[in-house]
Peer 1: 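Have a look at this one.
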Number of protein chains: 2
Amino acid sequence: MASMDTRKKLIAAAERLFDRHGFTATGMDRLTQAAGMSSRTLYKHAGSKTALMATVLAEREKRFMRRLDVSSVDALFAELEEWVRVEGARGCLFLRAHGETGGETPEVEAVVVAHKEAFRERIAEIVAADIGEDAPALAEQILVLYEGATAAAIYRGQEAVSAARAAAAVLVGRARP
Amino acid sequence: MASMDTRKKLIAAAERLFDRHGFTATGMDRLTQAAGMSSRTLYKHAGSKTALMATVLAEREKRFMRRLDVSSVDALFAELEEWVRVEGARGCLFLRAHGETGGETPEVEAVVVAHKEAFRERIAEIVAADIGEDAPALAEQILVLYEGATAAAIYRGQEAVSAARAAAAVLVGRARP
DNA sequence: GCCATTGTAAAACGATCGTTTTACACTTCA
DNA sequence: TGAAGTGTAAAACGATCGTTTTACAATGGC
C-alpha cells in the first residue's frame, strides 16, 4: 500500500520541519515540497495543519516512549544521551508546541497533556523499579532533571545530559535502602 | 517625556502577548490594540517585529538577572519560586524564541545566546559563593535543575520548583567542605 | 476492460501577515 | 504665530498564510 509510505513520508517531513524551524514558521507549501507530494494529497492525509501537528506529536510520543522502556534511572539518562546524540537537542517538542499555540489549540493540547502525564508516570515507575519502592518526591526530582537536561542541552549539548545523569545518580544512591 | 511611557507600554504589552500566545502567533494588529497605540507609533518605536522581539528579550534579561542577585543556591531557587508565583510558568522565553525562529533570526539569536551565557556564568558564581570554591561540575548540575524547574513548572507548577530546590540542597550539601 | 482509488500540477480562494502611507489633531517652544 | 514633533485613525501595500478547486494521469482489484 503506497498510502502508508505517503503517510510516513509526510509525518517524517513534518516532524523534521516543525522541530527545526518551529510549527507556525513552517508553511504548508514548504511542507508539500519537503514531503514530495501535492497539497491535495497532503490535505487528504493530514486534514489540516492543526491535525498534522497533533499527529506528528502523537507519533513522536510513541517513538519517545519506546525509548523509556528501562528499569533504572541511569539507563533512563543513558537513553537520553543516545537521543541527543542521534536527534540533536532542540528542546521538548511537546512543550514547544504548547508554547507556540499558547495552549489554546485543543487538538494539540490534548496530545501534550496526555504525553506529559504518561511521561510522569513512567518516570515514577522507573524510580520505583530502581530503588525497590515508591518514591514520589524522588520521582519529581528525576523528572525535573530530565526536563532540565532536555532544555539545557539546546545550548550546553551533551554536557547537560551528563550533569543530569551524575546528579540523578547521587539522588538515587541516597534514596536506596 | 511621553515617549518613555509609550515605549514601556509597548514592551510590556509585547512581552505579555509573546509570552502568553507565542511570538509568531501574535500579530501586529493585536499588539497595537493591546499597547493602545497606532501601528505608526508602534513602528516608530519598535522598528520591526523582529527588533521588537529582540528588545522584549533584552528587557526581560535585565529584569530576570536582577532576580539572580543572590549568594546561595537555595536563595536562587527561592527567587524562582517567587517568579513562578508572580509571573506564572510558561517556560523560558529565550528558549521559546529560539525554538520558534529555528535559531535563524540573528537579532533574536544574539540576545538569546548572550542571555544563556550570562545566566550560566551567574550560576557558577552563585555556586562558588555558596560552597566557597569553584565547582564547575556542580554548577552545571544546578543549571540543569534550574532549567528543569522552569520547564517542568509549565505542567507541574510549584511542585517542580520545590523538587529542584530540594535536589539542589542535597547536591550542594554534599559538595560543601 | 473498467471504475474506484490515489496520485500530481497548478491556479485560485479569502484571510491575515508585517509594513507603509495618507490625512489630520494636538502639543510645545522659539 | 508658526514650525517641529508626536500622536491617532484608517486605508492600502504586496506577500504569504492555510485551504480548496480544477483538470488530468497512473494504478490495481473485481
Peer 1: If I take atom NZ in residue Lys44(B) and atom P in nucleotide dG7(D), what distance separates them, rounded to the nearest angstrom?
Peer 2: 7 Å

Peer 1: Using atom NZ of Lys9(A) as one end and atom P of dT6(C) as the other, report the distance to the nearest whole Å.
Peer 2: 16 Å

Peer 1: Taking Lys8(B) first and then Glu59(B), would you say they form a salt bridge - that is, a charged N and a carboxylate O separated by under 4.0 Å?
Peer 2: no

Peer 1: Can you tell which of Tyr146(B), Phe77(B), Phe64(B) makes a ring-ring contact (aromatic ring centres under 6.0 Å, His included) with Trp83(B)?
Peer 2: Phe64(B)

Peer 1: Rounding to a whole Å, what distance do you find between Arg7(B):CZ and dT6(D):P?
Peer 2: 15 Å

Peer 1: Using a 4.0 Å heavy-atom cut-off, does Gly36(B) contact any base of the nucleic acid, only the sugar-phosphate backbone, or nothing at all?
Peer 2: sugar-phosphate

Peer 1: Considering residues at least two apart in sequence or located in another chain, which fulfil the side chain to side chain contact (heavy atoms under 4.5 Å, CB included) criterion with Gln33(A)?
Peer 2: none

Peer 1: How long is the line joining CG of Leu42(A) and P of dC17(D), in whole Å?
Peer 2: 14 Å

Peer 1: In a table with atom names and distances, give each donor-acceptor pair under 3.5 Å that connects a side chain of residues 122-129 of chain B to protein atoms at least two apart or in another chain.
Peer 2:
unit_1    : atom_1 : unit_2    : atom_2 : d
Arg122(B) : NE     : Glu125(B) : OE1    : 3.4
Arg122(B) : NH1    : Leu68(B)  : O      : 3.1

Peer 1: May I have all residue pairs that pass ring-ring contact (aromatic ring centres under 6.0 Å, His included) and include part of residues 147-177 of chain B, sequence neighbours excluded?
Peer 2: none

Peer 1: Can you pull the side-chain hydrogen bond (donor to acceptor under 3.5 Å, both in side chains) pairs that have at least one residue in residues 68-78 of chain B, sequence neighbours excluded?
Peer 2: Asp74(B)-Arg165(B)

Peer 1: Checking one value: the base orientation of dA23(C), syn if chi is within 90 degrees of 0, otherwise anti.
Peer 2: anti

Peer 1: Clusters formed by hydrophobic residues whose side-chain heavy atoms approach within less than 4.5 Å: which one holds Val113(B), and what are its other members?
Peer 2: none

Peer 1: Checking one residue: Leu31(B). Which other hydrophobic residues are in its cluster under the side-chain 4.5 Å linking rule?
Peer 2: Leu10(B), Ile11(B), Leu17(B), Phe18(B), Phe23(B), Met28(B), Met37(B), Leu42(B), Tyr43(B), Leu52(B), Met53(B), Val56(B), Leu57(B), Leu93(B), Phe94(B), Val108(B), Val111(B), Val112(B)

Peer 1: In whole Å, I'd like the distance from the OH atom of Tyr43(B) to the P atom of dG18(C).
Peer 2: 6 Å

Peer 1: Can you name the residues that form a side-chain hydrogen bond (donor to acceptor under 3.5 Å, both in side chains) with Arg40(A), not counting sequence neighbours?
Peer 2: none

Peer 1: How does protein reach along nucleotides 21-29 of chain C, written 5' to 3' as B (base within reach of a heavy atom under 4.0 Å), S (only sugar-phosphate), or - (no contact)?
Peer 2: BBB------

Peer 1: Is dT27(D) paired to anything, Watson-Crick or G-U wobble with both distances less than 3.5 Å, and if yes, which nucleotide?
Peer 2: none

Peer 1: Between dG7(C) atom P and Leu10(A) atom CG, what is the distance in whole Å?
Peer 2: 11 Å

Peer 1: Enumerate the residues from residues 19-34 of chain B whose closest heavy atom to DNA chain D is under 4.0 Å, giving them by residue number; use none for an empty result.
Peer 2: none

Peer 1: Would you say a side-chain N or O of Ser38(A) is under 4.0 Å from OP1 or OP2 of dA9(C)?
Peer 2: no

Peer 1: Without decimals, in angstroms, what is the distance between His45(A) NE2 and dT6(C) C1'?
Peer 2: 8 Å

Peer 1: Considering every strand shown, what is the Watson-Crick or G-U wobble mate of dA4(C) when both distances are under 3.5 Å?
Peer 2: none

